[in-house]
Amino acid sequence: ALRHSEEKYRTILESIQEGYFEVNLKGNLLFFNDSVCELIGYPRNETTNMSYKVFTNEETARKVYQAFNKVYKTGKPTREFDWQIIRKNGESRYIEASVSLQKDFSGKAVGFKGIIRDITERKQIHQQLNHMATHDALTALPNRTLFMDRLQIALAQSKRNRNKLAVMMLDLDHFKDVNDNLGHIVGDKLLKEIGNRLTGILRHNDTVARFGGDEFVILLSDLERVEYAAGVARVILKALQKPFLLSDKEISSNASIGIAIYPDDCDDMESLLKKSDMAMYSVKTSGRNNYKFFCNIIH
């Protein structure tokens, strides 16, 4: 009767698409269905007594441990939580896990049991939608939404650390002529290449975003000296003058750059954008292909 019951239990577990598992308190797999093996990519003989750490990186393993430990301490099942796994072939996938405490007849905790399901496709769609919401469709640079988020964080850090930051408004000179004479396809290619070139110039903790058209905005965070912003502006102007090879044509580009400094010019996001924009238009009206600080146009 016991064997019949176990066979029936096994048949039910093997008929479901989700992975079912039971582990001891150390996290070693003791009982599982074939779906678990399919998810992690290991054959059954290698999966038996395997620790979850085998198919999880160190950072994720810590999160998994915390989730299981919470179940152990509270006795309450987890809500579904995401868990990145690394299959035997090195492929990364995402699973969603639900875990509850497993006890023996005396009520003593002996391990955990749970259900896991593959949510890789759902995760990828979510990541794509999030990327679309925060990045420019043409250049893949951060858009206004993401830039403002990063600017807000950088401002808070600058206030805490008592250092400076710069917002640089960059507008291409005579970009309309490129679209009119060479077509919008070439113009779009030029914008992409300019975005790549700007990204290559900046530090990893700086941000270049495209707000639309031929307007780019740059955030230089954690500045010790204002002169660094001037140096970056000069490097950008020089870099843009190097020809871009687009559709068998060599195109060079000039730009007008306006710079506003926190806290010298203002101490809020909107004012930094507005004043860098004012400085940029001052460059436009006084010859283009240059940069100006906001403080220099009001004196």
Side-chain angles (χ1 to χ4, degrees), residues 123-161 163-173 175 178-179 184-185 187-223 226 228-240 244 246 253-263 265-281 283 291 293-294:
K123 193 82 172 179
Q124 289 172 343
I125 292 173
H126 175 76
Q127 290 171 343
Q128 289 169 1
L129 291 174
N130 183 62
H131 188 274
M132 290 169 63
T134 56
H135 289 76
D136 174 58
L138 176 64
T139 62
L141 294 173
N143 61 12
R144 179 184 290 269
T145 300
L146 182 54
F147 181 87
M148 296 302 281
D149 284 346
R150 292 185 180 178
L151 177 56
Q152 185 176 27
I153 293 170
L155 269 175
Q157 291 174 338
S158 291
K159 289 176 182 178
R160 184 168 59 251
N161 300 331
N163 56 23
K164 301 177 185 292
L165 65 78
V167 171
M168 307 173 67
M169 190 71 67
L170 183 154
D171 193 83
L172 301 180
D173 296 334
F175 179 72
V178 176
N179 281 334
H184 287 277
I185 293 178
D188 287 349
K189 288 180 179 179
L190 178 60
L191 291 172
K192 289 181 183 179
E193 291 301 319
I194 287 174
N196 291 336
R197 199 167 285 188
L198 291 174
T199 301
I201 291 170
L202 301 178
R203 302 170 301 175
H204 74 278
N205 59 328
D206 296 330
T207 297
V208 55
R210 180 180 178 234
F211 276 17
D214 58 344
E215 186 177 66
F216 296 84
V217 188
I218 296 167
L219 167 62
L220 304 178
S221 57
D222 194 25
L223 298 183
V226 172
Y228 177 78
V232 171
R234 289 192 292 269
V235 170
I236 289 173
L237 293 174
K238 185 176 181 181
L240 294 185
F244 297 88
L246 303 170
S253 180
N254 296 329
S256 300
I257 302 173
I259 308 170
I261 302 294
Y262 165 87
D265 299 323
C266 50
D267 62 0
D268 66 276
M269 296 191 297
E270 294 299 333
S271 296
L272 281 165
L273 289 172
K274 181 178 179 180
K275 291 182 177 182
S276 61
D277 195 52
M278 291 170 64
M280 183 269 291
Y281 272 103
V283 177
Y291 69 91
F293 285 89
F294 175 78

By side-chain hydrogen bond (donor to acceptor under 3.5 Å, both in side chains) - contacts of [X] (at least two apart):
X	result
K164	D264
D268	S271
S256	D173
D149	none

Fill in: Any donor-acceptor N/O pair, S221 side chain to N205 backbone, under 3.5 Å
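Confirmed, S221 side chain pairs with N205 backbone.
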
Discussion item. So does P263 get a backbone contact from the side chain of D267, meaning a donor-acceptor N/O pair under 3.5 Å?
Written reply: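 Side chain of D267 to backbone of P263, a donor-acceptor pair under 3.5 Å: no, none is there.
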
Item to complete: Take L272 and L165 through the side-chain contact (heavy atoms from CB on, under 4.5 Å) test and state the conclusion after the steps.
Response: CA-CA 10 Å; L272 281 165; L165 65 78; 4.0 Å; yes

Roughly how far, to the nearest 0.5 Å, is the [atom2] atom of [Y] from the [atom1] atom of [X]?
X	Y	atom1	atom2	result
K189	L246	NZ	CG	7.0 Å
Q128	M132	CD	CE	8.5 Å
M280	F294	CE	CZ	13.5 Å
E193	S253	CD	OG	12.0 Å
L202	T207	CG	OG1	8.5 Å
L190	F175	CG	CZ	5.5 Å

Worksheet item: How far apart are the C-alpha atoms of V208 and I201, what are their side-chain angles, what is the distance that settles it, and do they pass the side-chain contact (heavy atoms from CB on, under 4.5 Å) test?
Response: CA-CA 10 Å; V208 55; I201 291 170; over 6 Å; no

Heavy-atom pair with the smallest gap, counting every atom of [X] and [Y]:
X	Y	answer
D265	I259	OD2-O, 4.3 Å
I261	A229	CD1-CB, 4.5 Å
N163	Y262	O-CE2, 3.8 Å
L146	P142	CD2-CB, 3.6 Å
G187	N179	CA-OD1, 3.4 Å
M148	E270	CE-OE2, 3.6 Å

Discussion item. If you define the side chain from C-beta out and look only at heavy atoms, does anything of K275 sit under 4.5 Å from V167?
Written reply: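 They are not in side-chain contact.
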
Worksheet item: For I257 and V283, what are the C-alpha separation, side-chain angles and deciding distance, and is it a side-chain contact (heavy atoms from CB on, under 4.5 Å)?
Response: CA-CA 7 Å; I257 302 173; V283 177; over 6 Å; no

Flag if over 12 foreign heavy atoms under 6.0 Å of [atom1], [X]:
X	atom1	answer
Y281	OH	no
L138	CG	yes
Q127	CD	yes

Item to complete: Go through Y291 and I236 one step at a time and tell me if the side-chain contact (heavy atoms from CB on, under 4.5 Å) criterion holds.
Response: CA-CA 10 Å; Y291 69 91; I236 289 173; over 6 Å; no

Discussion item. Listing request: all ring pair (Phe, Tyr, Trp, His ring centres under 6.0 Å) pairs with a residue in residues 127-159, at least two apart in sequence or in separate chains.
Written reply: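 Residue pairs passing ring pair (Phe, Tyr, Trp, His ring centres under 6.0 Å), neighbours aside: H131-H135, F147-F211.
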
Worksheet item: Do any pairs count as a salt bridge (charged side-chain N to carboxylate O under 4.0 Å, His left out) and have a residue in residues 206-216, sequence neighbours left out, and if so which ones?
Response: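 Every pair satisfying salt bridge (charged side-chain N to carboxylate O under 4.0 Å, His left out) with a residue in residues 206-216: D136-R210, R203-D206.
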
